[in-house]
> 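Would you mind keeping the following structure in view while I ask a few things?
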Amino acid sequence: MEQSGERNRVQISQATADLLGEAGFSHWTTPRESTLFLKGKGNMQTYWVRKTKPSRVTRSKGTSTPAESIATSTHSELTECSEDSDSEEGMDKTERLVEWTVAILTSLLQQIIASRGGDVQEISSLSTAERVTGTGRTVLEEFVPIIPLKRFKENELKHRQKPSSIDIGDEARSQLRKYLFIIARMYQDNPFHSFQHAIHVTASVKKLLTRIVNMDEGNGLESSNTGSSLESVDLVDLAAHSYGITSDPLTQFAVVFSAIIHDVDHPGVPNTQLVKENTRSAQIYKKSVAEQNSVHLAWDTLMSDEFSGLRACIYQTESELRRFRQLVVNTVMATDIVDKELQALRKARWEDAFSNVNSASELPDADVVGEDRKATIVIEHLIQASDVSHTMQHWHIYKTWNEKFFMECYGAYKAGRADSDPSETWYKGEIGFFDFYVIPLAKKLDSCGVFGVSSDEYLNYAKANRDEWVREGEAIVQEYIVKFNKDHGHSEYFCLNDAPVVEYETGKC
């Protein structure tokens, strides 16, 4: 990076830009116009540190919002949309998050339409198929171990229309924005499982999708000076090394869409508690209750007449509709990491795909089946890593979201919706979570062989956060308890084991 610098300008890496963004200072940075090729790492996006803060943006009719103009933004820009004081005037936090998400999904819709040759027709002929899709079975019963992805011919990829030349239209864009506002309102006001969490997960999904690369030397992303969007890479080369994920924008859209809706209407308690309380959703679904309920609510909303224009951009045929539905079902179901049967199934499929290298060769169409199996597993691990991405980011981010989750669980206990006090096991539980889930998951990201430097980055942060938690976790849990009691109007604050607070102002025992 030192050799690629410019006089009187400070250049920083993607990781540093992400840290600034998470801390609320993404307005300090701007993406460099072209990517840099670094030996051993491939093409990398770097950033300039701005000398002055950007001026306020005034929106006029017919112009895009600030979020819409950064459709290919990186994870660091999420904070700019949600917290930057220089964002569009008059917009609250939810509005800024929605606008950021509109930009991401609009970009993917442009790519979907480009992959179809720029064609968007009304889809009234699909009304029957839409009406029956997802009916007659529970969401979990729709789960399949392997999702057949669409295969594009080499000639189709080489001559695909540029997404930037596609306009999804004012109607579809308006419907997309309205749909996302409805989804935001469907999230309950939980400390952790909130719309803000959904957007945080979405940012991680986007980050990992944009970092899918070929690890073989000399066959990485071939970016031009236009940046790192799909317009500037060799899709033919890349498709072969991402198991088809990168060449199919509908798959990418479905995964991002799933991240946005994966915790819709989450009640702030685990599935086991919902089953114990025998809630209406638990009576219907029996297991993976919250996940199935989220898919049901979000899908039913999308199928309403007022979003027909948006749906026409997503799919044009019954086969595309079915594939979109299947991708959403599998991706959201992957976020249930507690169910033992699902865990066992995922482990067995992982072994088949990435451990038993020659096992697929005996099957008919072995190459296609094997690639689809790997693609399905990669998608599942991508959403799982993103769902707990705070554990694999900077300590400040991890601690912020860990506190939110503690407050949610401790609040449920205080409300009589949990059998045991989570504060008694939180410290050791986090260590176990790192050792038996987070760190193995980060290692699997590396074993997939498609995420490039992101897999190393996630693993290094996970290990560092685990070590920091071992050192500081017990005291932090005590601080959480003090803060909860203080926030909920308790006249006296107590720490773990009812030890009295010594320093009321700092919350330390």
> Asp336: which residues meet the side chain to side chain donor-acceptor pair (under 3.5 Å) condition with it, sequence neighbours left out?
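Only Ser288 meet the side chain to side chain donor-acceptor pair (under 3.5 Å) criterion with Asp336.
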> Does Leu140 offer a backbone N or O that forms a donor-acceptor pair with the side chain of Gln292 under 3.5 Å?
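Present.
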> Within the distance-only criterion (no hydrogens, no angle test), does the side chain of Thr335 pair as donor or acceptor with the backbone N or O of Thr331 below 3.5 angstrom?
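Flag not set: sc Thr335 to bb Thr331 has no pair under 3.5 Å.
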> Which residues satisfy the salt bridge (Lys or Arg N to Asp or Glu O under 4.0 Å) test with Lys178, sequence neighbours excluded?
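In terms of salt bridge (Lys or Arg N to Asp or Glu O under 4.0 Å), with neighbours along the sequence ignored, Lys178 is linked to Glu306.
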> Begin with the C-alpha distance, continue with both residues' side-chain angles, and end with the deciding distance and a verdict on salt bridge (Lys or Arg N to Asp or Glu O under 4.0 Å) for Arg173 and Asp170.
CA-CA 5 Å; Arg173 188 176 292 105; Asp170 292 339; 3.5 Å; yes
> Between Lys207 and Glu457, is the closest basic N to carboxylate O distance under 4.0 Å?
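Yes.
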> Could you work out, with side chain to side chain donor-acceptor pair (under 3.5 Å) as the rule, every residue matching Tyr179, not counting sequence neighbours?
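Checked Tyr179 against side chain to side chain donor-acceptor pair (under 3.5 Å); zero matches.
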> Taking the six-membered ring where the residue is Trp, are the ring centres of Tyr398 and Phe434 under 6.0 Å apart?
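They qualify: ring centres under 6.0 Å apart.
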> Could you report the tightest heavy-atom contact between Ala334 and Ile383, atom names first, then the distance?
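Shortest heavy-atom separation between Ala334 and Ile383 comes out as CB-CG2, 3.7 Å.
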> State which residues pass side chain to side chain donor-acceptor pair (under 3.5 Å) with Arg280; sequence neighbours excluded, sorted by chain then number.
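Expected list: none.
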> Suppose we screen for ring-ring contact (aromatic ring centres under 6.0 Å, His included). Which residues come up paired with Tyr437, at least two apart in sequence or across chains?
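Here the qualifying residues are Phe433.
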> Could you tell me whether a side-chain N or O of Gln110 sits under 3.5 Å from a main-chain N or O of Ser165, the two making a donor and an acceptor?
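Not confirmed, Gln110 side chain does not pair with Ser165 backbone.
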> Start with the C-alpha gap between Lys347 and Glu351, add the side-chain angles, then the distance that decides, and say whether salt bridge (Lys or Arg N to Asp or Glu O under 4.0 Å) holds.
CA-CA 6 Å; Lys347 183 177 180 180; Glu351 294 295 327; over 6 Å; no
> If only atom types and distance count, is the side chain of Arg177 paired as donor or acceptor with the main-chain N or O of Val98 below 3.5 Å?
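Side chain of Arg177 to backbone of Val98: no pair is present.
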> Relative to each other, are the rings of His390 and Phe192 parallel, tilted or perpendicular (30° and 60° limits)?
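It falls in the perpendicular class, over 60°.
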> Looking at Thr391, is its backbone amide N or carbonyl O close enough to the side chain of Asn465 to form a donor-acceptor pair, meaning the two atoms are under 3.5 Å apart?
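Present.
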> Please round to the nearest 0.5 Å and tell me the distance separating atom CD1 of Ile439 and atom CE of Met392.
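Reported to 0.5 Å precision, the distance equals 10.0 Å.
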> Could you check whether any side-chain N or O of Gln175 sits under 3.5 Å from a backbone N or O of Leu310, counting only pairs where one atom can act as donor and the other as acceptor?
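Side chain of Gln175 to backbone of Leu310: a pair is present.
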> Are Ser294 and Tyr187 close enough that a side-chain donor and a side-chain acceptor fall under 3.5 Å?
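Tyr187 and Ser294 do not have a side-chain donor-acceptor pair below 3.5 Å.
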> Under 3.5 Å, is there a donor-acceptor pair between the side chain of Ser386 and the main chain of Leu382?
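Indeed, once roles are kept as given, a pair shorter than 3.5 Å links the two residues.
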> Under a plain distance cut-off of 3.5 Å, with no hydrogens placed, do His266 and Glu291 share a side-chain donor-acceptor pair?
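Glu291 vs His266: no donor-acceptor pair found between side chains.
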> Not counting sequence neighbours, which residues clear salt bridge (Lys or Arg N to Asp or Glu O under 4.0 Å) with Glu408? List them please.
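Listed in chain order: nothing, the list is empty.
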> From Ser107 OG over to Ile166 CD1, what is the distance, rounded to the nearest 0.5 angstrom?
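Going from the OG atom of Ser107 to the CD1 atom of Ile166 covers 12.0 Å.
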> Establish, from distance only, whether the side-chain atoms of Thr279 and Ser281 form a donor-acceptor pair under 3.5 Å.
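Per modelled atom types, Thr279 and Ser281 side chains form no pair under 3.5 Å.
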> With a cut-off of 6.0 Å (strictly less than), are more than 12 heavy atoms of other residues, nucleotides or ligands near CG of Asp189?
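12 or below, so no.
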> May I ask you to decide if Asn278's main-chain N or O and Gln283's side chain share a donor-acceptor pair within less than 3.5 Å?
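Looks like yes, one N/O pair under 3.5 Å.
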> Would you confirm whether His262, through its side chain, and Ala259, through its main-chain N or O, come within 3.5 Å as a donor-acceptor pair?
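Looks like yes, one N/O pair under 3.5 Å.
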> Do Leu109 and Leu176 come within less than 4.5 Å of each other through their side chains, counting heavy atoms only?
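Side-chain contact under 4.5 Å: yes.
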> Under 3.5 Å, is there a donor on one side chain and an acceptor on the other for His197 and Asn190?
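Absent: no donor and acceptor within the cut-off.
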> What residues form a salt bridge (Lys or Arg N to Asp or Glu O under 4.0 Å) with Lys286, not counting sequence neighbours?
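Checked Lys286 against salt bridge (Lys or Arg N to Asp or Glu O under 4.0 Å); zero matches.
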> With no hydrogens and no angle check, do the side chains of Glu277 and Gln273 hold a donor and an acceptor under 3.5 Å apart?
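A donor-acceptor contact under 3.5 Å links the two side chains.
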> With sequence neighbours excluded, what pairs up with Arg116 under the salt bridge (Lys or Arg N to Asp or Glu O under 4.0 Å) test?
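Salt bridge (Lys or Arg N to Asp or Glu O under 4.0 Å) list for Arg116, sorted by chain: Glu320.
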> To the nearest 0.5 angstrom, please state how far the OG atom of Ser258 sits from the CE atom of Met333.
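One finds 9.5 Å between OG of Ser258 and CE of Met333.
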> Under 4.5 Å between any side-chain heavy atoms of Thr317 and Leu321, yes or no?
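No; the side chains remain at least 4.5 Å from each other.
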> Angle class for the Phe257/Phe253 ring planes (parallel below 30°, perpendicular above 60°, tilted otherwise)?
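Phe257 and Phe253: parallel rings.
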> Which pairs with one or both residues in residues 118-136 pass salt bridge (Lys or Arg N to Asp or Glu O under 4.0 Å), sequence neighbours excluded?
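Pairs touching residues 118-136 that pass the test: Glu130-Arg311.
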> Could I get the full list of side-chain contact (heavy atoms from CB on, under 4.5 Å) partners for Ser115, not counting sequence neighbours?
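Scan of Ser115 (side-chain contact (heavy atoms from CB on, under 4.5 Å), adjacent residues dropped) gives Phe152, Arg160, Pro249.
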> Sequence neighbours excluded, which residues qualify as side chain to side chain donor-acceptor pair (under 3.5 Å) partners of Lys287?
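Result, side chain to side chain donor-acceptor pair (under 3.5 Å) vs Lys287: Asp339, Glu341.
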> Ring centroid separation for Trp299 and Phe324, is it under 6.0 angstrom?
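Ring centroids of Trp299 and Phe324 are less than 6.0 Å from each other.
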> Donor-acceptor check, side chain of Ser455 to backbone of Phe451, threshold 3.5 angstrom: yes or no?
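Looks like no, no N/O pair under 3.5 Å.
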> Going by salt bridge (Lys or Arg N to Asp or Glu O under 4.0 Å), name the pairs with one or both residues in residues 248-259, residues two or more places apart or in two chains.
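Pairs touching residues 248-259 that pass the test: Asp248-Arg323.
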